[in-house]
Amino acid sequence: MKLVVLAGGRDEKMKPLSEGYPKALLHLAGRPLCSYALLNPLELVSRAALVVSEGMEDVAGFLSERGLSGRATVLLQRGEGVEAALLTAEEWVGSDDWFMLAYGDIVAPPEAYRLLLEAHSENESPSALVVPVPQIKSYGAAAVAGGRVITFSERRGEGGGYAVGGAFVLPRHVFRLVERYGSFFEALNTLVEKQGVAAALWTGDWVAVDYPWDLISAAYIVLNTPYSMISPEAKVSPTAVIEGSVIIERGAVVDHFAVIKGPAYIGKNAFIGKGAFIREYTLIEKGAVVGAFAEVKRSVLQPEATVGSYSLIVDSVLGPRSVAEPRVTVISSLKEEEDVIRELPLQGVLQRKRKLGVFVAPGARLRAGSLVGPAALVHRNGVLDTLRAQS
């Protein structure tokens with residue numbers, strides 16, 4: 001069975017991170033986001049193709065670095081939308097009766113895809129991953145009964161109590177249904193009516209990266225491992241403190257008296273300044289810089305992002321090449337009445353607290369000495385608004 005990963009488009013919900021930057025190429029622990037939907041099920045399929053709308057050379061470069069060019073290929077999407085992306089892959093799927101389809105913004109372990117294949121094999125029918133979530137209103141939904149999907153609804157929060165998990169096993173003739181109806185969800189509902197669709201109910205780790213802060217939730221999954229590694233090509237000061245599960249890639253520099261409290265990830269050629277404090281569930285991607293005595297917690301710094309000295313960045317995502325100048329402070333505690341669409345995962349005594357920090361567009365800047373309130377969105381033109389204003 002072949003695998004098709006849909007990794008095109010710039011989702012409006014991902015602003016400001018999608019301003020001038022493809023969502024599929026945002027980084028998560030040293031890998032493009034779309035690579036998780038490729039690599040996690042790759043051992044279950046014969047070949048794979050990623051459908052992208054831009055960044056084709058970057059994705060191909062990643063496949064080459066991993067030695068996967070022989071098993072996975074990159075297709076340039078023809079047209080816009082999920083339907084166009086799916087039809088782009090038709091010729092590549094060829095004459096196979098069945099193929100697996102995965103959205104490129106899904107982060108789930110290989111076991112989820114294995115469950116999907118089992119549901120397909122047991123029922124000899126199309127199958128769909130469905131996931132119970134606490135805030136169903138922010139997802140496409142599926143109604144399920146007796147192990148079967150009754151209906152899919154693209155309108156978020158309507159049509160059932162499970163989120164559409166973004167992974168399917170589909171028959172080849174779904175391409176004709178998509179052409180006929182011009183809607184992937186209508187094609188799915190036609191399969192429900194004509195053939196039945198088995199529901200693979202997945203209750204483990206799963207994140208659909210639809211909003212900027214979903215990257216922080218995804219970090220909880222990819223860092224949820226006892227694995228630690230410090231590259232022999234990294235430079236870590238003997239006075240630095242490394243605690244817990246921490247990965248430090250080659251070329252990274254951790255300066256004197258810095259503290260890294262895992263789980264955390266420090267990417268290639270990243271720099272952690274003197275006395276900086278990198279706290280739990282933080283991803284510092286390749287080439288990113290954290291200045292002296294800055295503190296970063298539960299956050300994602302995209303490639304070449306910079307946090308200035310003496311800054312405090314919490315529950316936030318800084319886009320590629322963005323800058324928080326020195327002494328920037330982020331406050332992330334939300335008031336109880338504020339609607340955040342999806343909440344961040346918290347642990348221990350913080351479980352009852354609701355937090356969202358700042359989300360900075362690629363190349364944007366936070367000025368020195370800024371005090372930024374919760375759920376702040378910083379756009380490329382420097383305009384700062386809030387999640388409420390956008391949603």
Side-chain angles (χ1 to χ4, degrees), residues 10 14-35 54-62 65 209 212-213 215-216 218-219 222-223 231 233-236 246-255 258 260 264-274 276 278 281-314 316-328 330 357-368 370 372 377-382:
R10 291 181 177 177
M14 280 297 288
K15 285 186 174 179
L17 296 183
S18 61
E19 293 173 344
Y21 204 85
K23 179 171 72 170
L25 296 185
L26 290 169
H27 273 230
L28 195 64
R31 292 162 43 178
L33 173 61
C34 63
S35 72
E54 51 192 325
M56 192 170 181
E57 293 181 358
D58 291 340
V59 176
F62 169 79
E65 286 178 8
V209 181
W213 51 98
L215 282 175
I216 304 174
V222 302
L223 291 175
S231 168
E233 299 179 59
K235 184 179 179 181
V236 179
V246 174
I247 297 172
I248 301 177
E249 300 277 19
R250 64 180 168 83
V253 174
V254 181
D255 210 346
I260 302 176
Y265 173 85
I266 312 298
K268 296 175 184 175
N269 302 318
F271 179 83
I272 310 300
K274 177 182 177 182
I278 308 301
Y281 297 103
T282 292
L283 301 178
I284 310 291
E285 299 291 349
K286 65 179 182 181
V289 174
V290 178
F293 302 104
E295 179 176 344
V296 184
K297 180 180 181 181
R298 287 194 305 262
S299 296
V300 177
L301 271 59
Q302 287 291 304
E304 300 180 41
T306 297
V307 172
S309 301
Y310 296 97
S311 292
L312 172 63
I313 305 295
V314 295
S316 300
V317 181
L318 272 61
R321 304 178 304 282
S322 65
V323 177
E325 296 178 350
R327 299 184 185 278
V328 169
V330 171
V358 62
F359 305 95
V360 183
R365 300 182 77 90
L366 285 167
R367 296 301 177 189
S370 301
V372 186
L377 309 174
V378 182
H379 297 275
R380 296 185 76 187
N381 57 9

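The structure presented is a predicted model; accordingly, all values stated were derived computationally and were not measured.
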Using the side chain to side chain contact (heavy atoms under 4.5 Å, CB included) criterion, which residues pair with [X]? Sequence neighbours excluded.
| X | result |
| --- | --- |
| N269 | none |
| T306 | V289, V323 |
| A288 | I284, L301 |
| L33 | K23, L28, D105, V107, V209 |

The complete set of salt bridge (charged side-chain N to carboxylate O under 4.0 Å, His left out) pairs with one or both residues in residues 317-326, sequence neighbours excluded, reads E325-R365, E325-R367

Determine the minimum heavy-atom distance between [X] and [Y], stating which atoms define it.
| X | Y | result |
| --- | --- | --- |
| G291 | A276 | O-CB, 3.7 Å |
| G267 | A252 | O-CB, 3.5 Å |
| A364 | R380 | CB-CA, 4.2 Å |
| A305 | G319 | CB-O, 3.6 Å |
| G357 | V330 | CA-CG1, 3.9 Å |
| G273 | A258 | O-CB, 3.6 Å |

Is the shortest heavy-atom distance from the side chain of Y281 to the side chain of I216 under 4.5 Å? no

Can you find a heavy atom in the side chain of L283 that is under 4.5 Å from one in the side chain of L215? no

Could you list the residues that satisfy ring pair (Phe, Tyr, Trp, His ring centres under 6.0 Å) with Y310, not counting sequence neighbours? F293

Under the 3.5 angstrom rule, does the side chain of [X] hit a backbone N or O of [Y] as a donor-acceptor pair?
| X | Y | result |
| --- | --- | --- |
| S322 | P362 | no |
| T282 | R298 | yes |
| S316 | V314 | yes |
| E19 | A361 | no |

Q302 and L17: CA distance, side-chain angles, deciding distance, side chain to side chain contact (heavy atoms under 4.5 Å, CB included) verdict: CA-CA 10 Å; Q302 287 291 304; L17 296 183; 5.6 Å; no

Drop me the distance from S231's OG to I266's CD1, to the nearest 0.5 angstrom. 13.0 Å

Across all chains, not counting sequence neighbours, the side-chain hydrogen bond (donor to acceptor under 3.5 Å, both in side chains) partners of S35 are R31

Residues pairing under side chain to side chain donor-acceptor pair (under 3.5 Å) where one sits in residues 284-295, two or more places apart or in two chains, turn out to be R279-E295

Set out, in order, the CA-CA distance, both residues' side-chain angles and the distance that settles side chain to side chain contact (heavy atoms under 4.5 Å, CB included) for Y21 and L26, then state yes or no. CA-CA 8 Å; Y21 204 85; L26 290 169; 3.8 Å; yes

Partner residues of R250 under the salt bridge (Lys or Arg N to Asp or Glu O under 4.0 Å) criterion, sequence neighbours left out: none

